[in-house]
Amino acid sequence: MTAAKPAGSNKIATLTGPDGKVTQLPIIDGSVGPSVIDVRKLYNDTGYFTYDPGYTSTGSCESKITYIDGDQGILLHRGYAIDELAEKGDFLEVAYLILNGELPTADQKAGFVQNVTYHTMVHEQMTQFWRGFRRDAHPMAVMCGVVGAMAAFYHDSTDITDPRQREIASYRLIAKMPTIAAMAYKYSVGQPFMYPQNKLSYAENFLYMMFGIPCEDYKMSPVLGKAMDRIFILHADHEQNASTSTVRLAGSSGANPFACIAAGIASLWGPAHGGANEAVLEMLAEIGSKDKVGEAVKRAKNKDDNFRLMGFGHRVYKNFDPRAKIMQKTCHEVLGELGIKDPLLDVAMELEKVALQDDYFVQRKLYPNVDFYSGIILKAMGIPTSMFTAIFALARTVGWVAQWREMIEDPQQKIGRPRQLYTGAAKRTYVPVEKRR
Ligand code: SDX
């Protein structure tokens with residue numbers, strides 16, 4: 001990783017303060033996309049902070065992993081377009097690419113798959129954790145707890161200064177997430193945990209651990225296995241989204257990788273982020289039928305109603321989320337393969353049609369995002385709504401781990417410590433209780 005250096009001294013932004021003082025700020029060019037104004041010295045030189053709640057115009061780091069062009073609806077992982085990767089690759093190959101920067105050779109892929117495969121079991125004593133949860137615990141609550149607790153079992157991969165330990169922790173996290181997610185589901189339905197099967201692919205193994213039972217052989221559907229693998233690919237990484245930024249901020253203090261990924265899971269759980277796929281299904285069910293779509297769109301536009309169209313809009317995409325297009329295609333494939341006519345899909349298609357013709361959504365460039373169709377596919381596959389975000393977290397672990405490793409290995413990395421615009425009380429003297437009115 002080379003430190004981002006200002007691209008030539010001739011690119012400068014000039015800031016003139018109210019006192020007329022002129023400050024010159026270097027501009028740094030990326031390889032693709034917007035350049036940045038380097039404000040690292042702004043406070044020292046001017047006494048001013050920048051102010052950007054929600055980080056709408058702030059680059060928090062330099063990264064080489066994922067590039068998004070929100071206007072063009074483009075998503076690249078290490079330069080490869082998501083639609084090519086989803087059509088031609090598989091999840092562990094994309095995971096290798098995201099983690100290492102290049103598509104693997106056949107030998108590299110075989111070695112990576114073997115390493116992941118042989119880390120899929122969890123420490124047997126971890127199964128005791130589930131005894132402490134209620135059966136109806138939300139799978140994301142279980143994953144937050146269990147993943148954070150991995151630090152209690154895998155002490156030998158918590159030293160973030162040791163590259164070998166970072167690598168082992170990466171394998172453990174990526175390999176064990178499907179096992180932990182499936183265990184959360186099995187516990188909720190009162191079925192025994194299923195051990196991972198090394199002969200199965202990553203996605204098939206997850207389906208096996210979810211739906212297999214000890215009493216009979218599990219009949220794997222290649223279409224569902226491929227659909228699951230593609231859903232994992234589409235959720236693998238997405239630049240500096242809320243949960244990835246959470247992982248980076250937690251990691252910047254030197255916290256162990258298991259604690260950082262648990263923090264990412266917690267952030268992803270929010271309905272404005274990874275929790276949206278679950279919220280989309282709830283919204284479609286609440287709308288109920290195509291003829292009620294107009295009313296829902298009206299509510300979404302009403303500022304006095306906090307109802308939003310879940311699965312619509314995105315901080316970066318001001319065009320179709322490329323993942324949503326692939327998800328829509330996969331949705332039709334899976335429902336066709338299973339011979340399912342899901343009325344919720346009819347509601348979703350009508351909602352998409354009405355919203356994309358409505359000025360409110362057009363003007364605000366609100367398009368369907370990755371979460372809009374994923375829930376319908378997962379529901380068709382027999383996966384309960386409460387597991388949708390857990391599946392998102394399972395897949396995004398690859399991105400979180402890659403971004404965490406990139407941050408740790410970045411020579412410029414410092415502990416993240418934002419400042420603020422303070423609007424509270426100025427200094428005042430303590431008043432004894434008897435004198436307070
Ligand atoms: C993910 O960051 C990532 O990359 C995330 C993600 C990833 O892979 O990591 O892509 C995954 O989180 C996808 C997003 C899933 N969330 C949802 O589907 C929830 C519904 N969407 C919204 O809550 C919203 O669109 C956000 C949170 C996704 C983005 O919010 P922003 O960028 O802060 O936009 P905003 O809230 O400032 O909205 C701008 C305008 C507002 O209207 P005005 O004040 O201009 O009049 O658009 C409106 C909003 O009211 N608006 C919506 C809307 N989303 C935005 N109105 C109705 N329905 C919506 N869904």
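Quick caveat, the model's predicted, so the values are computed rather than measured. When a ligand or atom number is given, it counts from 1 through the structure's own listing order.
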Sub-4.0 Å protein heavy atom near atom 26 (C) of ligand 1: no

OH/Tyr55: more than 12 non-hydrogen atoms of other groups inside 6.0 Å: no

4.0 Å heavy-atom contact, Lys301 with ligand 1: no

Parallel, tilted or perpendicular: ring planes of Tyr208 versus Tyr218, cut at 30 and 60 degrees: perpendicular

Protein heavy-atom partner closest to atom 47 (O) of ligand 1 - residue, atom, separation in Å: Arg364 CD, 3.5 Å

Side chain, backbone, both or neither: the part of Leu366 lying under 4.0 Å from ligand 1 by heavy atom: side chain

Contact check: Arg396 vs ligand 1, nitrogen or oxygen atoms, below 3.5 angstrom: yes

Ligand-side contact atoms (ligand 1) for residue partner Ala300, heavy atom cut-off under 4.0 Å: 57 (C)

Heteroatom distance test (Val370, ligand 1): nitrogen or oxygen, under 3.5 angstrom: no

Centroid-centroid under 6.0 Å between His138 and Phe133 rings: no

Criterion salt bridge (charged side-chain N to carboxylate O under 4.0 Å, His left out) on Arg164 and Asp162, from CA distance to verdict: CA-CA 5 Å; Arg164 179 65 185 136; Asp162 177 349; over 6 Å; no

Closest approach of any protein heavy atom to atom 58 (N) of ligand 1, naming residue and atom: Leu309 N, 3.1 Å

Lys318, any N or O under 3.5 Å of ligand 1 N or O: no

More than 12 heavy atoms from other groups under 6.0 Å of CD1 on Ile37: no

Any N or O of Ala242 closer than 3.5 Å to N or O of ligand 1: no

Heavy-atom closest contact (Glu286 atom, Arg299 atom, distance): OE2-NH1, 3.2 Å

Atom 14 (C) of ligand 1: nearest protein contact (heavy atom, Å): Asn369 ND2, 3.6 Å

Non-hydrogen atom of Tyr360 closer than 4.0 Å to ligand 1: yes

Element-labelled atoms of ligand 1 that are located less than 4.0 Å from some non-hydrogen atom of Gly311: 17 (C), 18 (O)

Lys303 near ligand 1 by a heavy-atom separation under 4.0 Å: yes

Contact check: Asp321 vs ligand 1, nitrogen or oxygen atoms, below 3.5 angstrom: no

Per-atom contact, atom 39 (C) of ligand 1, protein heavy atoms, under 4.0 angstrom: no

Arg315 neighbourhood, listing ligand 1 atoms whose heavy-atom distance to it stays under 4.0 Å: 29 (C), 31 (P), 32 (O), 33 (O)

Under 3.5 Å donor-acceptor, Asp342 side chain and Ile340 backbone: no

Interfacing atoms of ligand 1 (cut-off 4.0 Å, heavy-atom, Gly313): 25 (O), 28 (C)

Parallel, tilted or perpendicular: ring planes of Tyr154 versus Phe258, cut at 30 and 60 degrees: tilted

Within-shell test, Val316 vs ligand 1, heavy atom, strictly < 4.0 Å: no

Heavy-atom proximity to atom 36 (O) of ligand 1, best of Lys365, His238, Arg308: Arg308

Numbered atoms and elements of ligand 1 in range of Ala276, under 4.0 angstrom, heavy atoms: 15 (C), 16 (N), 17 (C), 18 (O)

Check: Phe129 ring centroid to Phe153 ring centroid under 6.0 Å: yes

Residue Asn241 vicinity, atoms of ligand 1 by number, heavy atom under 4.0 Å: 2 (O), 3 (C), 4 (O), 5 (C), 9 (O)

Structural part of Glu239 in contact with ligand 1, heavy atom criterion under 4.0 angstrom: neither

With His238, the ring-ring contact (aromatic ring centres under 6.0 Å, His included) member among Phe392, Tyr317, Tyr67: Tyr317

Crowding at CD, Gln191 (>12 non-hydrogen neighbours, <6.0 Å): yes

Arg135, CZ atom: more than 12 neighbouring heavy atoms under 6.0 Å: yes

Closest non-hydrogen atom pair between Gly274 and Thr389, with its separation: O-OG1, 3.2 Å

Sub-4.0 Å heavy-atom contact, Arg323 with ligand 1: yes

Check: Ala393 main-chain N/O paired with Thr397 side-chain donor or acceptor under 3.5 Å: yes

Within-cutoff protein neighbour (heavy atom, under 4.0 Å) for atom 51 (N) of ligand 1: yes

